[in-house]
Amino acid sequence: MKILFLMLFLVSLFLFPNVIHKSLAARPSVVSIGSILRFNSTTGGVSVVAIHAALEDINSDPTVLNGTMLQVDMRDTNCDDGFLGMVEALQFMETDAIAIIGPQCSTIAHIISYVANELQVPLMSFASDATLSSIQFPFFVRTMPSDLYEMAAVAAVVDYYQWKIVTAIYIDDDYGRNGIAALDDELTARRCKISYKVGFPSNAKRSELLNLLVTVSNMESRVIILHTGADPGLKLLSLANGLNMMGNGYVWIATDWLSSYIDANSSVPAETINGMQGVLTVRPHIPKSKMKSNLMSKWSSLSKKYNHSDLRLSAYGFYVYDSVWAVARALDAFFDDGGRISFKNDSRLRDETGGSLHLEAMSVFDMGKKLLGEIRQVNFTGASGQVQFNAQGELIHPAYDIISIIGNGVRTIGFWSNYTRLLSTVLPEDLYLKPPNTSLANQHLYDVIWPGETAQKPRGWVFPSNAKELIIGVPNRFSFKEFVTLDNGTGKMTGYCIDVFTQALSLLPYPVTYRFEAFGSGTENPHYDQLVQKVVDNEFDAAVGDIAITMSRTQTLDFTQPFIESGLVILAPVKKHITNSWAFLQPFTLGMWCVVGLSFLVVGVVIWVLEHRINDEFRGSPRQQLITIVWFSFSTLFFAHRENTMSTLGRGVLIIWLFVVLIIQSSYTASLTSILTVQQLDTSIRGLDDLKNSDYPIGFQVGSFAEEYMVKELNISRSRLKALGSPEEYAENLKLGPKKGGVMAIVDERPYVELFLSTNCKIAVAGSDFTSRGWGFVFPRDSPLQVDLSTAILTLSENGELQRIHDKWLKTGECSADNTQFVDSNQLRLESFLGLFLICGAACVLALLIYFGIMLRRYLKHEPPESISAEPGSSKSKRSLKRFFSFVDDREPPKQKRSLRLSGSSMPTTPTSNVDIERR
């Protein structure tokens, strides 16, 4: 067997000498990569141990590099001093490394990325600065989630708890500034914002940090985002605890520096952990895997072996470990594909004489692009999860744990995943198995113990003690001053809206300094759109008054909870009660009266026809029969008819007719009652459709949004609209009417209308409200004061105070109970009863057809066929018809039925005997 393998090897060496030479040359015995870290930092120490752990696992596995040993040349850099750190990193780039692990500092990563691009050396960095991208730096490969995703997770937490403003404290370097910029973008997308942000240098003194925190404590927001490194971050939290800024009402959210510090340090001082109770932080999510378990199980021995026994494994350790593995797998594919390690000098790199930077020593990696391509193609399950890069060079499926510091440790309260971009208590790896559900209703986090040891969610903001006085615009009305007006005697704003606002402010748990500023001259009502625009332009901090909540206004402003219901209604004049002698004819139109009268006669005739032959009450002289028809038909109106109906067909028709009479009688009674007791609208405009379809002038209140609503929403010509400035003008124009220079109707909001109708009894509301709106107080977009005032208004509504204020200012007069809603009692028309008449008519026709069919059959039996055929042809039909009507008019013999029964019971009947009986 050995001889066979040897022969095959010799044959292959002879036939394919170039291939064997290429493979041997492409796989050197040792491959060296570099690493730029900060050894004296928590992250740097964990990274050192993780790199050694990865090297041991890779070099002990012959299937990875096929015997090639991987080495890492680690170099310490100074992240605190950016200049020295850059010099140290540049010096390290003089070595011929085919890939670099690190750096961990964003400032150094920016500089080294430029160098890596020139030298074509892949940079496997775990710097999270979002501005470092593969678009600008093609050889930059980020091996952990970017700050873009971390800040999206933080913003999701802020939005979940409905906090609208936050304060951001950050370290003033590339990492801090760019991270906060990413946070600002994410918050803006959720209609939240950073109300105050402040940076500090990495070497800031204690007094500087104290001043910073004092300034933050005087700000409006109580939600503080802390984006720093571990050392300054811990110092800030300790100082904040001393300033009582870790108590009730405060919210602290730290980025992943805090979770990394807590995870990596085996013994966090009790004083440190006690000073950050209730703080929220995020941590890159590391799913369970076999490689993760293996690395965790041997971490303790590895950390002792490499002189970092005080450090535990953190998320950064998993990512660094997988970074080394990614390079190893890429190198294996690189060598399999014929890759070679060779360098060449760049003639552009020259160093001045006596310089310590030997730029000419820097060499370009010939096949760096090929190795970079292999790195971007790796796909394996590592200790940190799935190691795979998307088209932008970022790891797929970034996710974060949301954790709360409580007691001596941390508690996971949920997760954030870029897969759904929502918060959830479900593990992200379980979400990947389902289609993404991006509904905000699915967001959920576990309960949190907040600073101050409270489970109640902090409001997130307070009215700052050093805040400026709020300037609140108030409309200075000319009419309907009960709602809001300027008291010229005292110079104060008074009215229903002012009382609601001041009562709501009194329920807030903090003082609010403000002053009212009148908007408008007071000689006419101001234009409310202009008042609202001043809030948009920040000329007013808020606006209080009878301000309608409209869709266009809510696009740029926030309104409080409505404190009074409001909708547009139509005002129209009303008629007086009808008192003339012919009022009883008003319920029906002329056509209706004619059809009703004719129907009585028709039904009377039909009943007479059906009953005449068998019922003595419907027989007699022609005069008597005519009187019977008229009397019987009209007596059914009162159900007072005395004549009995004996035929089945007659009874059927009568039942249907009595039902019709009942409906007509009830409708007549109701309509007559309405006419005699209820005032009627004296206008052709009785609703929204009439308003749009007519050409009459329409009034509206000066300054109201009703004008634009009718023009833009109802498509009513502006030339038809007439501005009215006072209740007196309302009454005068409605009295004049359109023919005398007035208006046919007025469109206004219901609160004004109710107040107007309380003293004007000759005007009423036509139809119902055709908009459903309300009045609210106006605040700039995302103002936290708007939320608290809305809650206060709801409290006023529940405890009855809002109704008391309403009754105080908006008293109703003696007319208001009668004419705020009127019944439109038009005459009853034939169209409303057409169905009933058709049913009754059809019943009459059907009954007559059946009756005459029966009579024709009996007539043919009564008259022999030979007698009919013997008649002359010219007079045959006339005589037959006359004989038939004579037969129908004849009284049916009283004893006919008895004789028929006797004949039927005593002997069998034959057609001949039947004819004989009929003749007798």
Sorted by chain and number, sequence neighbours left out, ring-ring contact (aromatic ring centres under 6.0 Å, His included) with Y175 holds for H227
What distance do [X] atom [atom1] and [Y] atom [atom2] have between them, rounded to the nearest 0.5 Å?
| X | Y | atom1 | atom2 | value |
| --- | --- | --- | --- | --- |
| R190 | L440 | CZ | CG | 9.0 Å |
| W461 | R222 | CH2 | CZ | 11.0 Å |
| I253 | I402 | CD1 | CD1 | 8.5 Å |
| I180 | M151 | CD1 | CE | 5.0 Å |
| L213 | L236 | CG | CG | 5.5 Å |
| L470 | F779 | CG | CZ | 7.5 Å |

Give every residue pair that meets the side-chain hydrogen bond (donor to acceptor under 3.5 Å, both in side chains) criterion with at least one member in residues 435-451, sequence neighbours excluded.
->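 Listed once each, the pairs are N437-N442.
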(request) Could you name each residue pair satisfying side-chain hydrogen bond (donor to acceptor under 3.5 Å, both in side chains) that touches residues 527-539, not counting sequence neighbours? (result)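 Sorted result for residues 527-539: R477-Y528, Y528-D546, D529-R553, Q533-D537, K534-E539.
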Say whether, by atom type as modelled, one donor and one acceptor occur between the side chain of [X] and the main chain of [Y] under 3.5 angstrom.
| X | Y | answer |
| --- | --- | --- |
| T560 | G776 | no |
| S479 | G725 | yes |
| S758 | L755 | yes |
| D558 | D782 | yes |
| N178 | D174 | yes |
| S217 | V214 | yes |
| D173 | G176 | yes |

Please find the pair of heavy atoms, one from [X] and one from [Y], that lie closest to each other, and give the distance.
| X | Y | answer |
| --- | --- | --- |
| A543 | V535 | CB-CG2, 3.8 Å |
| T255 | T228 | OG1-N, 4.3 Å |
| W252 | A240 | CZ2-CB, 3.5 Å |
| M493 | V474 | CE-CG1, 3.2 Å |
| V448 | S404 | CG1-OG, 3.9 Å |
| Y400 | P145 | OH-CB, 3.4 Å |

Are the side chains of [Y] and [X] in contact, using a 4.5 Å heavy-atom criterion?
| X | Y | value |
| --- | --- | --- |
| N715 | K692 | no |
| L785 | L508 | yes |
| L568 | M710 | no |
| V157 | W416 | no |
| L280 | I413 | yes |
| I165 | P784 | yes |
| C192 | W163 | no |
| T215 | Y196 | yes |

Is [X] atom [atom1] crowded by more than 12 heavy atoms from other residues, nucleotides or ligands, each under 6.0 Å away?
| X | atom1 | answer |
| --- | --- | --- |
| Q803 | CD | yes |
| Q456 | CD | no |
| E208 | CD | yes |
| K193 | NZ | no |

query = Would F563 and F777 satisfy ring pair (Phe, Tyr, Trp, His ring centres under 6.0 Å), going step by step from the backbone distance to the final call?
reply = CA-CA 9 Å; F563 56 87; F777 303 136; 4.7 Å; yes
The test is side-chain hydrogen bond (donor to acceptor under 3.5 Å, both in side chains); show your working for Y510 and D788 and say whether it passes. CA-CA 10 Å; Y510 48 85; D788 287 355; 2.8 Å; yes
- Going through the distances and angles, do L234 and L258 end up as a side-chain contact (heavy atoms from CB on, under 4.5 Å)? CA-CA 8 Å; L234 294 173; L258 182 56; 4.2 Å; yes
- request: Mind telling me whether Y752 and F480 have parallel, tilted or perpendicular rings, with 30° and 60° as the class edges?
  value: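 Tilted: the ring planes of F480 and Y752 meet at 30° to 60°.
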TODO: For a side chain to side chain contact (heavy atoms under 4.5 Å, CB included) with E707, tell me which candidate from R718, Q701, K722 qualifies.
DONE: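 Exactly one pass, corresponding to R718.
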side-chain contact (heavy atoms from CB on, under 4.5 Å) for R191 and R781? Distances and angles first, verdict last. CA-CA 9 Å; R191 287 189 60 182; R781 180 61 62 89; 2.4 Å; yes
